[in-house]
Number of protein chains: 2
Amino acid sequence: MSNSPPIEQADRLLDAFITPMTETRVPIPTLERLAIYLRVLLDALEAGIQTLSSQEMEQHSGISAAQFRKDLSYFGEFGKPGVGYSVPALIQCIEKILRLDKEQPILLVGAGNIGSALVGYPNFQAHRLRIAAVFDNNFVKIGRPFGDLIIEDIARVKEVNASIGARLGIIAVPASAAQEVADLLVEAGVRGILNFAPTILRVPPHVHVRNVSIVQELAVLSYHVAEETV
Amino acid sequence: MSNSPPIEQADRLLDAFITPMTETRVPIPTLERLAIYLRVLLDALEAGIQTLSSQEMEQHSGISAAQFRKDLSYFGEFGKPGVGYSVPALIQCIEKILRLDKEQPILLVGAGNIGSALVGYPNFQAHRLRIAAVFDNNFVKIGRPFGDLIIEDIARVKEVNASIGARLGIIAVPASAAQEVADLLVEAGVRGILNFAPTILRVPPHVHVRNVSIVQELAVLSYHVAEETV
DNA sequence: GCGGGACTGTGAACGGTTTCACAGTGTGTG
DNA sequence: CACACACTGTGAAACCGTTCACAGTCCCGC
Ligand SMILES: NC(=O)c1ccc[n+]([C@@H]2O[C@H](COP(=O)([O-])OP(=O)(O)OC[C@H]3O[C@@H](n4cnc5c(N)ncnc54)[C@H](O)[C@@H]3O)[C@@H](O)[C@H]2O)c1
Ligand SMILES: NC(=O)c1ccc[n+]([C@@H]2O[C@H](COP(=O)([O-])OP(=O)(O)OC[C@H]3O[C@@H](n4cnc5c(N)ncnc54)[C@H](O)[C@@H]3O)[C@@H](O)[C@H]2O)c1
């Protein structure tokens, strides 16, 4: 009675476009932790600490010393036995691994609440992440200043990115528009998308998507806080 | 047999306060996926779909049918062989599992950019998540309206939460203030914290923390977009 | 220059999650 | 009413990431 065969067909075509298993040699959790290590190291550098052992990293990051060493071992040998790791040197290494050693331009789509928070976020700078352009489809907003930038028409994203050459994009538009924006970003040459909209994006296999889902995070917490009542 | 030798140095006071291994019966990835299933189901409901098979869920969520069934099997039997799952019934079940069936009040700390985006976010409502109070420490902001709420003094958080009884809190303050705010939230009875600040929070074992780290997400993407150049 | 102590790097064991495959079950049909 | 079908639920296997434990290296003091 309430079957939906036409949807099924449409979905099948798109199936090859579903976010793929990225055949990775390096575990994704390792990459996530590298960013944490980097933060600790930058703090340590600021505090004037020159050398850090894996034990000390455990104290500061909450990640086990063995895990830290194993994570780094995917990329090479950075420490000195008996001493530890040179803070400045390791910062450089991790930045290089994560490609944060050179400025990484980013396209932001959606000049709303989230976009607004992001465009003025001072912490990006320390990681050489830079929002290089902002796009929207609202003609009232297009042309207006937004942070240091001028809001551009999303229709021009490919054109604009031809000169910027950004490989990263952020989607901060309503869920209903997210897929269409994703398609435009991919078309414009973006290969990595940070998606704030509550939707599963379908992208070609060479494009990576990471979702920021606040509702999901709260839902997991909601489960936990109740669980422990019992 | 393999009794671990005493870890003298690591047995610091702080250590007992590091975010612990949550001894969970249900895998955390399962909980995260439940929120995704819920979103798909709510969409399906809105589209008038009454029944969904695990195959169809795979189409819409990108999560394998087997994974979907296994995830649900941690909590009971919700489907009918030969038919699939009743959309409205399964929504109710997942809401109950995640404790999203009753209104869940949340304390928000930090009336800045992020706080501003969150306080007006309409999508919380569908999940019965409600920001019940907003706190800040800036005397210029305290007393001002913020969304539908009035910004309260963070010093009064325990007092205010005595009447609200929130178990969830969101930290949207600068990293330098995050730990101190976390301590106050815990003191006020919060057991689950969503942390936007780039810091590792130290909390007692019964408190759960989840971090939203945009820089970390971008760093992982940064690695991936470069990797595929080679 | 030698020995003791500190710490790294990593193969191997472990534990947890995902995938597989199929037995079991409700549904619809002839 | 019986059979074919579609789909679920789940033990078992495969896979993957984490933890363990130790051999190897380097520094420092003497
Ligand atoms: N606000 C929050 O706290 C919050 C929390 C979690 C998730 N999100 C999600 O993040 C996304 C953005 O949220 P927000 O609060 O910033 O929304 P918003 O409504 O404030 O801003 C959305 C912006 O996107 C623009 N837009 C719409 N369609 C577009 C299109 N096709 N192309 C380009 N621009 C387009 C709009 O003009 C608007 O400026 C939403 O998907 C939302 O669900 C928001
Ligand atoms: N803006 C972004 O895009 C972004 C992105 C990722 C992470 N973050 C992180 O989220 C957090 C908040 O960011 P934001 O942009 O909203 O910052 P913000 O500066 O706009 O707002 C912070 C608010 O916290 C208040 N505050 C400071 N100390 C406090 C205390 N001890 N108790 C209570 N309130 C206090 C301030 O008065 C201010 O209103 C920061 O840790 C930031 O690093 C922000």
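Below, read A as the first sequence line, B as the second, and so on, with proteins coming before strands; counting in each chain starts at 1.
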*Asks:* Determine whether B:D101 and B:K96 satisfy the following criterion, salt bridge (charged side-chain N to carboxylate O under 4.0 Å, His left out), listing intermediate values before the conclusion.
*Replies:* CA-CA 5 Å; B:D101 55 333; B:K96 199 153 203 171; 5.0 Å; no

*Asks:* How many angstroms lie between atom OH of B:Y37 and atom CD1 of B:I97, to the nearest 0.5 angstrom?
*Replies:*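 Taking OH in B:Y37 and CD1 in B:I97, the distance rounds to 11.0 Å.
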
*Asks:* Might you point out which heavy atoms bring B:L108 and B:G115 nearest each other, and give the distance in Å?
*Replies:*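 Minimum heavy-atom contact is CD2-O, 3.7 Å.
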
*Asks:* Rounded off to whole Å, could you give me the CE-to-P distance for the A:M57 and C:dG9 pair?
*Replies:*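 About 13 Å, once rounded to whole Å.
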
*Asks:* From the list D:dT10, C:dT17, C:dG9, which nucleotide is the closest neighbour of the side chain of A:R69?
*Replies:*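 Looking only at side-chain atoms, A:R69 lies closest to C:dG9.
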
*Asks:* Where the side chain of A:E77 is defined as all heavy atoms beyond and including C-beta, which of C:dT10, D:dG17, D:dT8 is the nearest nucleotide?
*Replies:*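 The closest nucleotide is C:dT10.
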
*Asks:* I want to verify a distance call: between D:dT19, D:dT10, C:dT19, whose nearest atom is closest to the A:K70 side chain?
*Replies:*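 The answer is D:dT19.
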
*Asks:* Separation of B:F78 atom CZ from D:dT10 atom P, in whole Å?
*Replies:*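 The answer, rounded to whole Å, is 11 Å.
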
*Asks:* Tell me whether the side-chain N/O atoms of A:Q67 come closer than 4.0 Å to OP1 or OP2 in D:dT19.
*Replies:*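 Yes.
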
*Asks:* Under 4.0 Å between a side-chain N or O of A:S54 and OP1 or OP2 of C:dT8?
*Replies:*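 Checking C:dT8 against A:S54, a side-chain N or O does come within under 4.0 Å of OP1 or OP2.
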
*Asks:* What integer distance in Å separates B:R25:CZ from C:dT17:P?
*Replies:*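 Rounded to whole Å, this separation is 12 Å.
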
*Asks:* Any side-chain N or O of A:Y85 less than 4.0 Å from the OP1 or OP2 oxygen of C:dG9?
*Replies:*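 It does, given that an N or O in the side chain of A:Y85 lies less than 4.0 Å from OP1 or OP2 of C:dG9.
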
*Asks:* Give the intermediate values and the outcome of salt bridge (charged side-chain N to carboxylate O under 4.0 Å, His left out) for residues B:E95 and B:R128.
*Replies:* CA-CA 10 Å; B:E95 282 178 346; B:R128 297 185 186 78; 3.4 Å; yes

*Asks:* Quick one: which protein N/O atoms are closer than 3.5 Å to N/O atoms of nucleotides 27-30 of chain D? Pair and distance per line, please.
*Replies:*
none

*Asks:* Expressed in angstrom and rounded to an integer, what is the separation of A:F68 atom CZ from C:dT10 atom P?
*Replies:*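 So the two atoms are 14 Å apart, to the nearest Å.
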
*Asks:* Is A:F75 close to A:T30 at the side-chain level, that is, under 4.5 Å between some pair of heavy atoms?
*Replies:*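 With C-beta onward as the side chain, the pair touches.
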
*Asks:* Please test B:R210 against B:E32 for salt bridge (charged side-chain N to carboxylate O under 4.0 Å, His left out), starting from the C-alpha separation and ending with a verdict.
*Replies:* CA-CA 12 Å; B:R210 291 182 70 85; B:E32 293 174 349; 2.6 Å; yes

*Asks:* By nearest atom, which of the nucleotides D:dA21, C:dT19, D:dT18 is closest to the A:R33 side chain?
*Replies:*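 The listed nucleotide nearest to A:R33's side chain is D:dT18.
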
